[in-house]
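Structure, as structure tokens:
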Amino acid sequence: MWILELAFSPTDERLAARPAHRERLAALREAGTVYLAGPLADDSGAVIVFDVGDRAAVDEAIAQDPYYRTPGVRVSGVREWRPLWS
């Protein structure tokens with residue numbers, strides 16, 4: 001699994017792009033690609049857990065979603081994660 005960490009700043013563009021991004025995440029969840037996703041409680045960022053075998057799959061998901069290039073959204077980290085259980 002891989003964790004994608006996002007950092008947010010308050011912009012109108014980010015809020016406008018969020019519904020389409022959430023639709024994409026829901027589709028990835030249905031496909032089994034995204035395990036968990038959601039904003040941090042203080043809305044300073046978000047965490048998305050991808051259930052994929054390699055970093056290339058995460059990079060592909062980032063490339064296919066314009067949200068990650070929207071003003072106010074910054075990818076702050078991509079890390080491999082090995083949970084003890086799920």
### Query
Mind checking whether Leu40 and Trp81 sit in one hydrophobic cluster, side chains of I, L, V, M, F, W, Y counted as touching below 4.5 Å?
yes
### Task
Output, in order, the C-alpha distance, side-chain angles, deciding distance and verdict of side-chain contact (heavy atoms from CB on, under 4.5 Å) for Ile3 and Val47.
CA-CA 7 Å; Ile3 295 175; Val47 173; 3.8 Å; yes
### Message
For the CD atom of Glu23 and the CG atom of Asp65, what is their distance to the nearest 0.5 Å?
### Response
11.0 Å
#### Entry: For Arg14 against Phe8, the heavy-atom pair lying closest together
NH1-CD1, 3.5 Å
### Query
Which value, rounded to the nearest 0.5 Å, describes the distance between Ile62 atom CD1 and Phe50 atom CZ?
6.5 Å
### Query
Is the CZ atom of Arg79 crowded by more than 12 outside heavy atoms at less than 6.0 Å?
no
### Message
If you count heavy atoms of other groups shown closer than 6.0 angstrom to CG of Asp12, is the number above 12?
### Response
no
### Query
Are Val78 and Leu36 joined in one hydrophobic group, where the rule is that I, L, V, M, F, W and Y side chains link up if heavy atoms are under 4.5 Å apart?
no
### Query
Is there a donor-acceptor pair under 3.5 Å between the side chain of Ser76 and the backbone N or O of Glu5?
yes
### Query
Under a single-linkage definition using a 4.5 Å side-chain heavy-atom cutoff for Ile, Leu, Val, Met, Phe, Trp and Tyr, are Val34 and Tyr68 assigned to the same hydrophobic cluster?
yes
### Query
Hey, what do you get for CG (Asp51) to CG (Leu28), rounding to the nearest 0.5 Å?
12.0 Å
### Query
How about Val52 and Thr33: do any of their side-chain heavy atoms sit closer than 4.5 Å?
yes
### Worked verdict on Val75 versus Leu6 for side-chain contact (heavy atoms from CB on, under 4.5 Å)
CA-CA 5 Å; Val75 174; Leu6 301 176; 3.8 Å; yes
### Task
Check Arg22 against Pro39 and note the closest heavy-atom contact, atom names and distance.
NH2-CG, 4.1 Å
### Message
Please give me the minimum heavy-atom distance between Ile48 and Ala37, naming the atom from each residue.
### Response
CG1-CB, 4.0 Å
### Query
Between Pro83 and Met1, which heavy-atom pair has the shortest distance, and what is it?
CG-SD, 3.9 Å
#### Entry: Within one Ile-Leu-Val-Met-Phe-Trp-Tyr cluster: Leu15 and Tyr67, side-chain cutoff 4.5 Å
no
